[in-house]
Amino acid sequence: MADRAAEAGPELDDLEALRTMIRIREFEEMCRRLFARGRLPGFVHLYIGQEAVAAGACLALRADDQITSNHRGHGHVIAKGGDPARMFAELLGKADGYCGGKGGSMHIVDFPSGMLGTNGIVGGGIPIATGAAFANQHLGNSRVALSFFGDGATNQGVFFESLNLAALWRLPVIFLAENNQYTEWTRTEDLTVGEITQRAAPFGVPARQVDGNDVTAVHEAVRKAAGRARSGDGPSLIECVTYRWHGHNEGEEAFAGRYRPEAEIEEWKARDPIAALESRLLDDGVVDAARLEAIHTSERDLIEAAHEWALAAPAAPVEDALTDVFSPAGP
């Protein structure tokens, strides 16, 4: 058997992590502008501020590992290797989108990259990842499944059901809670008793809390959990404490008002995960200011090109509205 370090997954490449986080930020900023101009239909939930979680976690996984996501899933798709052009196409209702333009912002699937789906149902991706882990165990392929979900999902019954089954069968699955301090428009502490990590204790599942704005800390925690899973030791729960800079969804001011103190928002913005990594890389002499600017420019250009490609793509044809929506009848 390979040593535990090899089983765990790749070590963190700081520059790759930085590029991934900047790519997510640029994508989400473009989505914010498109929504403001009335170009994006439906709800849009931005991931700005949480980029270190997606980047750190996905870069700790193998290419053939699988993830599930939630309604705030753009960052997870990108970090797992998704194509921003096809994502924009999906959000814009284009035929070349990941789901033919039918799923929109909250429903993106990319099986080749291991993205088993974002999900508009709170906690909806948790049992899917658990099921994928069961399949991986049965097939003996050493893949790990990881489920991203918000703090609110830890109050759903399916969270506990999945923990129970994963622990019982020692499934190779990682449960990753992104605690961004708010469950929709209510403070998490006003809805959730105790610590999220304590919820794994009755099932004998190891759990740890990490700084979700520190990409290195997230990567190390997921890498360790992945190694444990591949070795047959079962599931792990990781809570990443972070913060979303924007609202639960864009345009929420019209009905939710201002429910977060401005000082709180600014305090978390001062802990920008991208700026924190850039500062460390500058201090360590890994990059200089010119190199950082070149990385930002490259990622900004990539996202702009992806957006332009999606704009030019054909719209999803009306006659295909029900195609791939219902399973075929009969045997």
Side-chain angles (χ1 to χ4, degrees), residues 1-2 4 6-10 53-54 57-71 73 76-83 86 98-99 103 106-150 153-154 156-178 199-200 203-207 221-238 324-328 330-331:
M1 178 179 291
R4 180 62 66 90
E7 292 170 351
V53 180
C58 289
L59 293 176
L61 299 175
R62 297 189 328 208
D64 63 340
D65 287 333
Q66 302 143 323
I67 66 170
T68 62
S69 179
N70 57 4
H71 54 272
H76 307 141
V77 179
I78 291 174
K80 196 59 174 69
D83 180 359
R86 293 193 66 193
Y98 272 116
C99 298
M106 290 190 283
H107 301 94
I108 296 176
V109 177
D110 181 25
F111 290 149
S113 71
M115 160 51 74
L116 303 185
T118 59
N119 204 309
I121 300 172
V122 175
I126 300 175
I128 296 174
T130 304
F134 174 74
N136 293 334
Q137 184 186 71
H138 178 71
L139 294 170
N141 57 26
S142 77
R143 287 179 178 171
V144 168
L146 181 150
S147 183
F148 291 101
F149 49 90
T154 64
Q156 299 292 322
V158 73
F159 168 71
F160 297 100
E161 292 165 2
S162 297
L163 270 175
N164 177 71
L165 208 60
L168 182 66
W169 293 342
R170 302 176 74 85
L171 298 180
V173 60
I174 301 170
F175 301 103
L176 194 152
E178 294 188 79
R199 300 187 168 201
F203 305 99
V205 173
V222 173
R223 189 167 182 262
K224 180 177 180 180
R228 184 174 185 277
R230 290 191 219 284
S231 299
D233 294 332
S236 301
L237 171 65
I238 301 170
D324 302 323
V325 176
F326 300 100
S327 62

J.: Between OG of Ser113 and OH of Tyr98, what distance do you get to the nearest 0.5 Å?
T.: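 That separation rounds to 6.0 Å.
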J.: Residues two or more places apart in sequence or in another chain: which of them pass salt bridge (charged side-chain N to carboxylate O under 4.0 Å, His left out) with Arg199?
T.: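 None.
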J.: Do Phe175 and Ile238 come close enough that some side-chain heavy atom pair is under 4.5 Å?
T.: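 Phe175 does not reach Ile238 side chain to side chain.
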J.: Give the minimum heavy-atom separation between Ala132 and Leu116, together with the two atoms involved.
T.: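 Nearest heavy atoms, Ala132 then Leu116: CB-CD1, 3.7 Å.
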J.: Check whether any side-chain heavy atom of Leu176 lies under 4.5 Å from a side-chain heavy atom of Phe148, and answer yes or no.
T.: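 Yes. Closest side-chain heavy atoms under 4.5 Å.
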J.: Return the CE to CG distance between Met106 and Asn119, rounded to the nearest 0.5 Å.
T.: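 Between atom CE of Met106 and atom CG of Asn119 there are 9.5 Å.
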J.: Can you name the nearest heavy-atom pair linking Val144 to Ala229, along with the distance?
T.: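 Residues Val144 and Ala229, closest heavy atoms: CG2-CB, 3.8 Å.
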J.: Locate the shortest heavy-atom distance separating Ala60 from Val222; write the atom from each residue and the value.
T.: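 Shortest heavy-atom contact: CB-CG1, 3.8 Å.
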J.: My understanding is that only residues two or more places apart in sequence, or in another chain, count here; which of them pass side chain to side chain contact (heavy atoms under 4.5 Å, CB included) with Ser69?
T.: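 Listed in chain order: His76, Met115, Thr118.
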J.: Between Pro206 and Pro235, which heavy-atom pair has the shortest distance, and what is it?
T.: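 Nearest heavy atoms, Pro206 then Pro235: CD-O, 3.5 Å.
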J.: Can you name the side-chain hydrogen bond (donor to acceptor under 3.5 Å, both in side chains) partners of Asn141, sequence neighbours left out?
T.: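 With neighbours one apart ignored, the set is Asn136.
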J.: Is there a donor-acceptor pair closer than 3.5 Å between any side-chain N or O of Lys80 and the backbone N or O of Asp65?
T.: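 The answer is yes, because a donor-acceptor pair under 3.5 Å joins these two groups.
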J.: To the nearest 0.5 Å, how far apart are CG in Leu61 and CD in Gln66?
T.: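 Leu61 CG to Gln66 CD: 10.0 Å, rounded to 0.5 Å.
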J.: Return the minimal non-hydrogen interatomic distance between Cys99 and His107, and the atom names on each side.
T.: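 That would be SG-O, 3.5 Å.
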J.: Going by atom type alone, with no hydrogens or angles, which donor-acceptor pairs under 3.5 Å involve a side-chain atom of residues 120-130 and a protein atom two or more places apart or on another chain?
T.:
unit_1	atom_1	unit_2	atom_2	d
Thr130	OG1	Ile126	O	2.9

J.: Scan residues 106-132 for pairs that pass salt bridge (Lys or Arg N to Asp or Glu O under 4.0 Å), counting only residues two or more places apart or in two chains.
T.: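 Sorted result for residues 106-132: empty, none.
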J.: Is there a side-chain contact between Ser147 and Phe159, using heavy atoms and a 4.5 Å cut-off?
T.: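 No; the side chains remain at least 4.5 Å from each other.
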J.: Show me the donor-acceptor pairs, under 3.5 Å and distance only, between side chains in residues 164-174 and residues at least two apart or in other chains.
T.:
unit_1	atom_1	unit_2	atom_2	d
Arg170	NE	Gly232	O	3.3

